[in-house]
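In what follows, a single structure is set out as structure tokens and then discussed.
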Amino acid sequence: MSHDTSPLEGGATTTTPLLPRPTTPSTLGPPSSSAASLRSLSPSARRGQRAPKNGATRNISFASAVLSSLCAGSITVFSLYGHIFQERLHYSQFQVNGLASAASIAMYIPVSLLGYMCDRVGPAPLSLLSAIFFGGGYGLAAGLYKRAVPRAPALGEDGIGGEVDGRLAYAAMVVAFVAIGVGTCAMYMSAVATCAKNFGRGKHRGLALAVPIAAFGLSGMWQSQIGSRLLCEKLPDGSRGDVDVFRFFLFLAILLFIVGVIGTFGLKIVGEQDLIDEAVEELERSGILDSSALFTPGRTERGYGAIEQGNPFDEDSAGILDPSSKDPDDEEAEEARFKKQWVLNAETRRFLTDHTMWCFAVGFFLMIGPGEAFINNLGTVIKTLYPPTLHFVGQPTSAATHVSIIGLTSTAVRLLTGTLTDLLAPTPQATHIQLTSSGLLPRRQRFAVSRVTFLLFFAVVLSLGLVGLASGVIQNHGERLSVVSGLIGAGYGAVFSLTPIIITVIWGVENFATNWGIVAMFPALGATMWGMLYSAVYQAGAKKSSTPDQGGEDNNLCYGTECYAPAFWAMAVSVWLACGLVLFAWKGKNGWAQRGIVV
């Protein structure tokens, strides 16, 4: 059998007609069990026989995924206690942003590796990993804070016992937030990947993905309310003060450890082998994959993904096993493992060599970074709205309130976009990776709005919130900040929901965790970059507007538009540039539209 091109290269290919896999006794032996009979059925027939059991498992996995998502977003409430580090531990704005950036980097940088693991070993190990990292991270942070606070007022700006002790304690706090970031990534990825693979082939794939993603956004809202209302400090007059950071961290350590352990047993992928078989069948129908490549001689010796030309049915080849030397069930399991690795590796290569993916990923980076920076620095932004000499009866606004606003709008918009894209977006004929020359056309729909249109619309909404803050109309009017928080929350939530949905539609669900993991690495750079820019602008403004504290020392606090306006203008421009990149991936030269890809 000859091949003119590599089996998974783009463009048209020519292959000889597909040959059926041999089933003679000299090669595979006769089917000798009910398992063999089941394997002889098509993937859809096998799914039908296992439907009742699979339905219950799928529902349990979905409930476990939603529970994990409802708790995984604890890092989004960083602004609830970030300013407390600044005030009581005497951290500079750069140090506070260093903790937020450490968590963000740890949350996004390993996501491709964890996604790769999730696709190949399943979501359960990732959930267990999240329990370990969450419990250790928040436990360490609680201990460090408890040790530092009683000594901070007497120790000046270092706040933790001299320059050396202060640096060591701050480094340990960074380690704690790195662990929290990795735990967040592992728990979120295990939950979303479970829903994507269990429901990504149905007509409600958008909503199935939007629910855990929305739950992730909702987690910040309810956790901030727990912290600000139940786990808060009591002032002398009996009113509620700031969150009690030590108790709040202990609460999160215990809660997230338990949820991670639950996910270890509850998260399962249903019918994964059928998913791989269907992907192979669809690639075969497209004319660019010859199934005999899956059964080439010597495949296990050369490693997964290797393809050897020649006659795959030569009985003298090392790849043909004597049925007397190997149990048929063992051979079937080995074949299934190889086929899974082969398909996943091939789709990873195709994903990485698609130029539109890189435009899309960079656009995602430029959109999400500003949203992350706003959320992480919300507490200090609020402090810049009023002069420190102005005293209020009560508080004009609080970080907890705006974390909740962002959580509510983000959750509502994620569910809305998931539902609307299921109803209005075009439906591709292919349920796996879309191929440029497959000849598969979209199902006819009377009216359709592309998912990219939804993405661009909400990116503009996000930029409007950034412009509103940068323009200065919020200054001295903290009550107006709720509009900004709502716009940014809506835009941020929609972008984070629509991006993985678009990935499943274009590049399929069988390799979703790896593909989404690659794209999701980019926001780490965005959050860090914009967080550092905001810190630089804030510190420059603090030198002009800050006032000495009661001890006569600079308190590193800033007031006025000069503390934030330049940074948020730059963030708005970043979002507009991102819209251009996504539009190019969609409508540009050799983009999705020109290639006939339905999105």
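These values consider heavy atoms only, across backbone and side chains, with no hydrogens, waters or symmetry-generated copies. It should be emphasised that the depicted structure is a prediction, and the values quoted were computed from it without experimental measurement.
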_If we count only N and O atoms by modelled type, under 3.5 Å, do the side chains of T380 and Y534 hold a donor and an acceptor together?_
yes
*S404-Q225 side chain donor-acceptor pair, cut-off 3.5 Å*: yes
*Does the side chain of N97 pick up a donor-acceptor pair with the side chain of N377 at under 3.5 Å?*
yes
_Do S219 and C71 have side chains that approach each other closer than 4.5 Å (heavy atoms only, starting at C-beta)?_
no
*Distance-minimising heavy-atom pair for P212 and C195*: CG-SG, 3.7 Å
*asked:* Taking the ring centre of each residue, are Y492 and F496 less than 6.0 Å apart?
replied: yes
*Shortest non-hydrogen contact from P110 to V182?*
CG-CG2, 4.4 Å
_Walk me through whether D242 and H83 qualify under side-chain contact (heavy atoms from CB on, under 4.5 Å)._
CA-CA 10 Å; D242 287 321; H83 65 284; 3.6 Å; yes
*N198 side chain to K268 backbone, donor-acceptor under 3.5 Å*: yes
*Mark yes or no for whether Y564, through its side chain, and Y538, through its backbone, hold a donor-acceptor pair below 3.5 Å.*
no
*With distance as the sole test, does T264 use its side chain to make a donor-acceptor pair with the main-chain N or O of G260 at under 3.5 Å?*
yes
*For the atom pair CG (L462) and CG (L466), what is the distance rounded to the nearest 0.5 Å?*
5.0 Å
*Please check if the side chain of T421 supplies one atom and the backbone of G418 the other of a donor-acceptor pair under 3.5 Å.*
yes
*F365 and V519, any side-chain heavy atoms less than 4.5 Å apart*: no
*Picking from N515, T514, N511, what satisfies side chain to side chain donor-acceptor pair (under 3.5 Å) with T348?*
N511
_Run F568 and V381 through side-chain contact (heavy atoms from CB on, under 4.5 Å) and show every step you take._
CA-CA 11 Å; F568 285 102; V381 168; 4.3 Å; yes
_Full working for salt bridge (charged side-chain N to carboxylate O under 4.0 Å, His left out) between E233 and R247_ = CA-CA 10 Å; E233 299 170 339; R247 289 198 298 154; over 6 Å; no
*Quick one: does NZ or CZ of R120 land under 6.0 Å from the six-membered ring centre of Y116, within 45 degrees of the ring axis?*
yes
*Quick one: pull up CG in L252 and CD1 in I75 and give me the separation to the nearest 0.5 Å.*
9.5 Å
*Distance-only, no hydrogens or angles: does the W507 side chain make a donor-acceptor pair with backbone N or O of R350 under 3.5 Å?*
no
_Close side-chain approach of L256 to F133, heavy-atom, < 4.5 Å_ = no
*CH2 of W222 to OG of S74: how many Å apart, nearest 0.5 Å?*
9.5 Å
*Evaluate the side-chain proximity of E372 to W530: yes if any heavy-atom separation is below 4.5 Å, no if none is.*
no
_Within the 4.5 Å heavy-atom criterion, are L378 and I406 side-chain neighbours or not?_
yes
*L267 and S190: which non-hydrogen atoms are nearest, and at how many Å?*
CD1-OG, 3.6 Å
*asked:* Evaluate V575 against L366 for side-chain contact (heavy atoms from CB on, under 4.5 Å), listing each step before the verdict.
replied: CA-CA 6 Å; V575 175; L366 293 174; over 6 Å; no
_Taking the ring of Y145 and the ring of F246, is the distance between their centroids below 6.0 Å?_
no
*Does a side-chain heavy-atom distance below 4.5 Å link M571 with F374?*
no
*Counting only heavy atoms not in F257, do more than 12 fall under 6.0 Å of its CZ?*
no
*Point-to-point distance, once rounded to the nearest 0.5 Å, from CD of E510 to OG1 of T504*: 10.5 Å
*asked:* I'd like to know if the side chain of S130 and the backbone of G183 have a donor-acceptor N/O pair within less than 3.5 Å.
replied: no
*Roughly how far, to the nearest 0.5 Å, is CG of L114 from SG of C185?*
4.5 Å
*Quick one: does S535's side chain have a donor or acceptor within less than 3.5 Å of a partner on G531's backbone?*
yes
_Rounded distance [0.5 Å steps], CZ in F216 versus OG in S497_ = 13.0 Å
*Under the criterion ring-ring contact (aromatic ring centres under 6.0 Å, His included), which of F360, F364, F351 is the partner of W516?*
F364
*asked:* My understanding is that only one of T194, T184, L126 makes a side-chain contact (heavy atoms from CB on, under 4.5 Å) with M189; could you say which?
replied: L126
*Ring centers of F248, Y138 separated by less than 6.0 Å*: no
*asked:* I want to check something: taking the side chain as every heavy atom from C-beta on, are S79 and N376 in contact at a cut-off of under 4.5 Å?
replied: no
*S92 and Q539: which non-hydrogen atoms are nearest, and at how many Å?*
C-OE1, 4.5 Å
*Between R349 and T353, does any side-chain donor sit less than 3.5 Å from a side-chain acceptor?*
no
*How about F199 and R58: do any of their side-chain heavy atoms sit closer than 4.5 Å?*
yes
*What's the verdict on side-chain contact (heavy atoms from CB on, under 4.5 Å) for T411 and M221, showing C-alpha distance, side-chain angles and the deciding distance?*
CA-CA 10 Å; T411 299; M221 186 201 74; over 6 Å; no
*For the pair Q223 (side chain) and G220 (backbone), establish whether a donor and an acceptor sit closer than 3.5 Å, ignoring hydrogens and angles.*
no
*Distance only, no hydrogens: is a donor on one side chain within 3.5 Å (strictly under) of an acceptor on the other, for Y81 and Q86?*
no
